Amino acid sequence: MGEAARIDGKAFAEGLRARVAAHAAAFRQATGRAPGLAVVLVGEDEASQVYVGAKGRACTEAGIASFEHRLPAETSAAELLTLVERLNRDPEVDGILVQLPLPAGLDEQAVIAAIDPDKDVDGFHVINAGRLAVGQRGFVPCTPLGCLMLLQDRLGDLAGLEAVVIGRSNIVGKPMAQLLTDANATVTLAHSRTRNLAEVVGRADIVVAAVGRPEMVRGDWIKPGACVIDVGINRLPPTEDRPKGRLVGDVAFAEALEVAGAITPVPGGVGPMTIAVLLRNTLVAAHAHAGLDAPEGL
Ligand code: GUN
């Protein structure tokens, strides 16, 4: 068997962003305003600053208005909640994203709970988690929705396929398992206490790895021909020829490439999908707020 196909998440994300941009322009024509996303960053976390900058640029490129709120690390819970409430009422703001993690001392759950569920484009509010659980329309977290898009693009109908999701986080693993179940896959949600993980993974036509442990999933665990989605982004310790440390996923990529049918690389696989889906969710929110039909073909 030849080498696995590399799933080009960067190219897929660019296509999605272009479709969002076309819809955003039509929305502006129809309503006289651009869709709007408010991004709130509290404190100085370096990775978060990079993410927030990238989100702002992606919005502008897609014709979505970006409202950035950068607050000092000492911001009180009351100040942050006051800002969220103001954004909830702001008619120019369709989506609200509070970048996580928040500085120690701020209660993330309380802040997320304060966001209007119909502006919660991250899909983190319990109302949206509940909507997903019972099959109602709502916002789905961006990363797992992006993974589902890549899987359906690669495999078409997922009905009857065996899927193993590794990792049970609220942001990726749990919603991923629900999305795959809704797509009629047979889903196993594996985690740190799963016994014989290699054997469980070996049954899967679809493997989604979202554990945050570098190269944990080995090539010889994978069923030949399986489709592997690697959500992990882990930086290895620096070496002489890689002073910043190499970025690797949760899957041992070189090994998996020999066995899998298709696999997402790190970087350039799932990563670029997250922001593209955030723009898509913001566009959907804007249509709902304007009383327009949901945009099609996204
Ligand atoms: N921190 C890391 N990823 C995310 C994300 O997708 N949304 C938010 N709000 N914070 C994050």
Side-chain angles (χ1 to χ4, degrees), residues 9 13 16-17 20 36-59 62 64 66-71 73 75 80-81 83-84 87-88 93-104 106-129 132 138-150 167-176 179 208-212 229-235 247 249-250 266-267 269-285:
L16 177 55
R17 283 163 66 158
V20 169
L37 174 67
V39 178
V40 180
L41 172 61
V42 188
E44 309 289 327
D45 183 83
E46 222 171 279
S48 291
Q49 296 196 30
V50 174
Y51 290 139
V52 165
K55 286 168 187 174
R57 284 192 299 280
C59 279
I64 291 173
S66 165
F67 307 103
E68 257 181 43
H69 296 268
R70 294 180 184 243
L71 307 178
T75 301
L80 183 53
L81 291 173
L83 172 60
V84 168
L87 297 171
N88 283 342
V93 171
D94 298 297
I96 302 170
L97 179 150
V98 178
Q99 186 68 26
L100 303 180
L102 290 173
L106 289 172
D107 177 353
E108 291 182 352
Q109 285 308 320
V111 175
I112 292 167
I115 297 172
D116 178 345
D118 295 327
K119 295 192 175 188
D120 168 40
V121 286
D122 256 334
F124 292 172
H125 195 290
V126 289
I127 292 278
N128 283 315
L132 178 60
F139 290 109
V140 175
C142 301
T143 300
L145 185 53
C147 293
L148 182 75
M149 289 178 182
L150 293 178
R168 56 181 153 181
S169 71
N170 290 331
I171 295 181
V172 183
K174 279 188 221 167
M176 187 77 248
L179 287 169
V208 180
V211 266
I229 304 289
D230 190 350
V231 183
I233 303 180
N234 311 287
R235 198 173 282 285
L247 274 188
D250 292 347
V266 176
V270 172
M273 291 300 293
T274 300
I275 289 184
V277 175
L278 175 67
L279 302 179
R280 177 237 175 239
N281 283 356
T282 303
L283 182 77
V284 169

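Both ligands and their constituent atoms are indexed starting at 1 by order of listing. This is a predicted model, so every value here is computed, not measured.
- Within the 3.5 Å criterion, the main-chain N or O of Asp250 finds a donor-acceptor partner in the side chain of Asp230.
- Not one N or O on the side chain of Asp116 forms a donor-acceptor pair closer than 3.5 Å with the backbone of Ile96.
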Using a cut-off of under 3.5 Å, which N/O atoms of ligand 1 pair up with protein N/O atoms, and what distance separates each pair?
unit_1	atom_1	unit_2	atom_2	d
ligand 1	1 (N)	Gln99	NE2	3.1
ligand 1	1 (N)	Leu100	O	2.8
ligand 1	7 (N)	Asp122	OD1	3.2
ligand 1	7 (N)	Asp122	OD2	3.2
ligand 1	9 (N)	Val98	O	2.8
ligand 1	9 (N)	Asp122	OD2	2.6
ligand 1	10 (N)	Leu100	N	3.0

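- With Arg280 as the partner, the side chain to side chain contact (heavy atoms under 4.5 Å, CB included) test is satisfied by one option alone out of Ile275, Val20, Val121: Val20.
- Remark: the backbone N or O of Leu102 is paired with a side-chain donor or acceptor of Glu108 at under 3.5 angstrom.
- When the options Thr143, Leu97, Asn128 are evaluated for a side chain to side chain contact (heavy atoms under 4.5 Å, CB included) with Asp122, the one that passes is Leu97.
- Considering only residues two or more places apart in sequence or on other chains, Asn281 meets the side chain to side chain donor-acceptor pair (under 3.5 Å) condition with none of them.
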